[in-house]
Each structure stands twice: as C-alpha cells, then as structure tokens.
K.L.:
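Before I ask anything, let me first share the structure, which is written out below as structure tokens.
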Amino acid sequence: MTGTVRIREMRWWDIAPVLELERALFPDDAWSKGLFWSELAHARGAGANRRYVVAEWTDPGAAPETAPGPAEGGAPGSGPAGVAGRHMSATDEPTGAGASGAGPGSRIVGYAGLAAIDGTGDVQTIAVAYDHWGTGLGARLLTELLATATAFECREVLLEVRVDNTRAQRLYERFGFEPVGVRRGYYQPGNVDALVMRLTDPDSAVRGTPHGPES
C-alpha cells in the first residue's frame with residue numbers, strides 16, 4: 001500500500017476513529033469510549049503512567065493543509081517517552097485536522113497503549129487495521145511501547161494475548177517475550193483463554209530486534 005504511516009501520541013480527538021477500528025477488530029469485547037477517555041487521562045501530567053499512540057496513514061496524493069499554530073497555552077512539556085507534561089483541556093485542539101484528528105487523505109490504521117506501575121510495564125492494547133497487516137506496523141507499534149517502558153524505567157513488560165492468536169504470539173516472540181502462564185476465560189463473552197507473556201530488559205529487546213514486514 002502506498003502512502004506513509006507516522007506514529008504519534010494519541011489525543012482525545014483520536015478516540016472516535018480509534019473506537020471505530022476497535023469495534024471492527026474486536027467486535028465481541030471492544031473497549032468503550034469511556035475506557036479510552038480514562039486511559040488518556042492517565043497519560044498526561046506529572047503523575048502520568050500511561051502512553052497511547054496512534055498510527056496515522058496519509059495518502060501521498062492528498063493536498064496538504066496548512067496547519068494553524070499551537071493552541072493557546074503554549075507548547076506541551078516533555079515527560080517519559082515524549083509524554084506531554086500538562087493535562088488535557090478544551091484548548092488542546094488538533095492542528096491541521098478536523099474533529100477526527102486525521103487530516104485530509106489521512107486515517108488511523110493502528111493504535112497501542114502501555115501502562116507502567118512499580119517497574120512493570122503492561123501492554124494494554126495493540127491493534128492494526130486489516131489492510132495494514134503484513135507491513136511491519138505491528139512491530140513498529142510494539143517498539144514504541146517498549147521504548148516507553150524503558151523511559152518509565154520498567155524492568156519487565158507483561159501482556160496477554162488470545163491463545164488462538166498465533167500471529168500475534170509470533171510477533172511477541174520475535175521481541176523476546178516468553179509465555180509465563182494462562183488466564184482461563186480471560187476474553188469474554190467468548191470465554192477464550194489468554195496466554196500471559198513476559199519480556200525482561202525491554203531496552204535490549206528494542207535495540208536488538210530486526211523489524212521485518214511480518215505484522
């Protein structure tokens with residue numbers, strides 16, 4: 001597929017397109033709008049312990065749009081892995097985009113999030129649009145999360161994955177994740193078990209993993 005994909009911080013105006021993709025990919029157990037709002041609320045400010053990103057695809061043939069300057073209130077500060085240092089507010093408007101957050105000829109094709117608590121990172125979600133499978137986008141998103149875990153000084157990273165999702169398991173194994181247990185009936189309403197996987201030393205995993213076009 002032609003076009004470019006950039007990974008950037010997820011903001012409140014991305015919730016609508018992310019929710020649409022979430023429901024398409026996970027129709028049985030999709031996250032709610034309120035849950036995304038709650039997660040983003042913990043991704044900014046001095047006590048931030050979350051980071052969420054989106055992958056935005058842009059059609060190279062789309063006409064560029066002139067973006068207005070930063071919203072009133074100044075540029076955001078910096079925190080772990082680029083987490084901005086101020087809380088979300090009504091003045092944090094998207095630049096060069098409509099309410100959906102994606103500009104002309106652009107759309108959200110992936111997203112991912114990580115929580116960091118007491119030295120342990122937990123992959124909350126990672127998803128890629130069907131038409132971008134096999135492009136390496138999943139590996140790019142996971143790399144972003146592991147870089148975030150390193151910035152948060154996490155000693156290990158955990159995640160859950162459906163036992164029948166072998167495609168995702170192969171991706172995680174490429175980065176050094178290993179199975180450490182099973183959570184019975186974790187995914188509802190289908191009552192599907194979750195394989196728990198763990199990665200030690202996320203920084204080394206990022207620096208030492210080749211990212212091919214498998215996911």
Side-chain angles (χ1 to χ4, degrees), residues 6-56 67-103 106-129 138 140-161 186-188 194 202:
R6 71 183 182 106
I7 296 176
R8 59 171 174 80
E9 180 187 5
M10 181 178 173
R11 301 302 308 279
W12 65 263
W13 51 80
D14 296 311
I15 291 179
V18 164
L19 194 58
E20 181 178 354
L21 185 55
E22 169 84 3
R23 289 167 176 167
L25 294 171
F26 311 110
D28 294 331
D29 55 357
W31 281 19
S32 67
K33 181 178 181 180
L35 183 52
F36 277 112
W37 269 107
S38 177
E39 288 295 293
L40 290 187
H42 291 88
R44 291 200 146 208
N49 64 354
R50 302 284 199 279
R51 171 127 172 112
Y52 279 78
V53 296
V54 293
E56 184 177 351
E72 183 178 355
S78 60
V83 175
R86 62 176 181 172
H87 294 284
M88 292 185 294
S89 72
T91 62
D92 293 335
E93 296 294 341
T95 58
S100 68
S106 299
R107 65 185 175 93
I108 301 302
V109 295
Y111 54 92
L114 177 132
I117 300 176
D118 296 331
T120 296
D122 194 338
V123 175
Q124 302 292 287
T125 186
I126 182 167
V128 174
R140 288 180 60 189
L141 288 168
L142 184 55
T143 298
E144 183 74 22
L145 296 187
L146 296 183
T148 296
T150 298
F152 277 125
E153 299 182 347
C154 294
R155 297 180 297 275
E156 63 177 3
V157 177
L158 299 173
L159 60 80
E160 293 89 16
V161 58
Y186 184 79
Y187 294 101
Q188 296 296 333

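None of the values given here were measured: they were computed from a predicted structure.
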K.L.:
Going by atom types alone, do Tyr52 and Glu9 pair a side-chain donor with an acceptor below 3.5 Å?
P.N.:
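No, no side-chain donor-acceptor contact under 3.5 Å.
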
K.L.:
Between Thr120 and Ala116, is there a donor-acceptor pair closer than 3.5 Å when you use the side chain of the first and the backbone of the second?
P.N.:
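Absent.
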
K.L.:
What pair of heavy atoms forms the shortest contact from Ala48 to Phe152, and how long is it?
P.N.:
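In this case the closest contact between Ala48 and Phe152 is O-CE2, 3.5 Å.
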
K.L.:
Calculate, to the nearest 0.5 Å, the distance between atoms CZ and CG belonging to Arg140 and Leu142 respectively.
P.N.:
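Arg140 CZ to Leu142 CG: 13.0 Å, rounded to 0.5 Å.
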
K.L.:
Out of curiosity, Asn49 CG to Asp118 CG, how far, rounded to the nearest 0.5 Å?
P.N.:
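Separation between the atoms: 9.5 Å.
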
K.L.:
What are the two closest non-hydrogen atoms of Leu21 and Ile108, and how far apart are they?
P.N.:
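Of all heavy-atom pairs spanning Leu21 and Ile108, the closest is CD2-O, 4.0 Å.
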
K.L.:
Met10 versus Val53: any side-chain heavy-atom pair under 4.5 Å?
P.N.:
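Contact flag for Met10/Val53 side chains = no.
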
K.L.:
Any carboxylate oxygen within less than 4.0 angstrom of a Lys/Arg side-chain nitrogen, looking at Glu56 and Arg8?
P.N.:
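A salt bridge is present here (some side-chain N lies under 4.0 Å from a carboxylate O).
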
K.L.:
Taking C-beta and beyond as the side chain, do Asp14 and Leu40 meet within less than 4.5 Å on heavy atoms?
P.N.:
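In short, these two side chains do not touch, never coming nearer than 4.5 Å.
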
K.L.:
Could you give the distance from CH2 (Trp37) to CG (Leu19), rounded to the nearest 0.5 Å?
P.N.:
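If we round to the nearest 0.5 Å, Trp37:CH2 and Leu19:CG are 12.0 Å apart.
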
K.L.:
For the CG atom of Leu141 and the CG atom of Leu146, what is their distance to the nearest 0.5 Å?
P.N.:
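Going from CG on Leu141 over to CG on Leu146, the span is 11.0 Å.
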
K.L.:
Considering non-hydrogen atoms only, spot the tightest contact between Leu159 and Asp122 and give its length.
P.N.:
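Taking every non-hydrogen atom into account, CA-OD1, 4.3 Å.
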
K.L.:
Looking at every heavy atom in both Gly121 and Cys154, which two are closest together, and how far apart are they?
P.N.:
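So the minimum-distance heavy-atom pair works out to N-SG, 3.5 Å.
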
K.L.:
With sequence neighbours left out, what residues match Glu20 under side chain to side chain donor-acceptor pair (under 3.5 Å)?
P.N.:
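Side chain to side chain donor-acceptor pair (under 3.5 Å) list for Glu20, sorted by chain: empty.
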
K.L.:
Are side-chain heavy atoms of Arg11 and Arg44 found at a separation under 4.5 Å?
P.N.:
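Counting from C-beta outward, Arg11 and Arg44 do come under 4.5 Å.
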
K.L.:
Does either side chain, that of Tyr187 or that of Glu160, offer a donor lying less than 3.5 Å from an acceptor on the other one?
P.N.:
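There is no such pair between these side chains.
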
K.L.:
Mind checking what makes side chain to side chain donor-acceptor pair (under 3.5 Å) contact with Gln124, not counting sequence neighbours?
P.N.:
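Expected list: none.
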
K.L.:
Taking distance alone, no hydrogens or angles, what donor-acceptor pairs closer than 3.5 Å link side-chain atoms of residues 24-35 to residues at least two apart or in another chain?
P.N.:
unit_1: Ser32; atom_1: OG; unit_2: Leu35; atom_2: N; d: 3.1

K.L.:
For Val123 and Val157: C-alpha separation, side-chain torsions, deciding distance, then whether side chain to side chain contact (heavy atoms under 4.5 Å, CB included) applies.
P.N.:
CA-CA 7 Å; Val123 175; Val157 177; 3.9 Å; yes

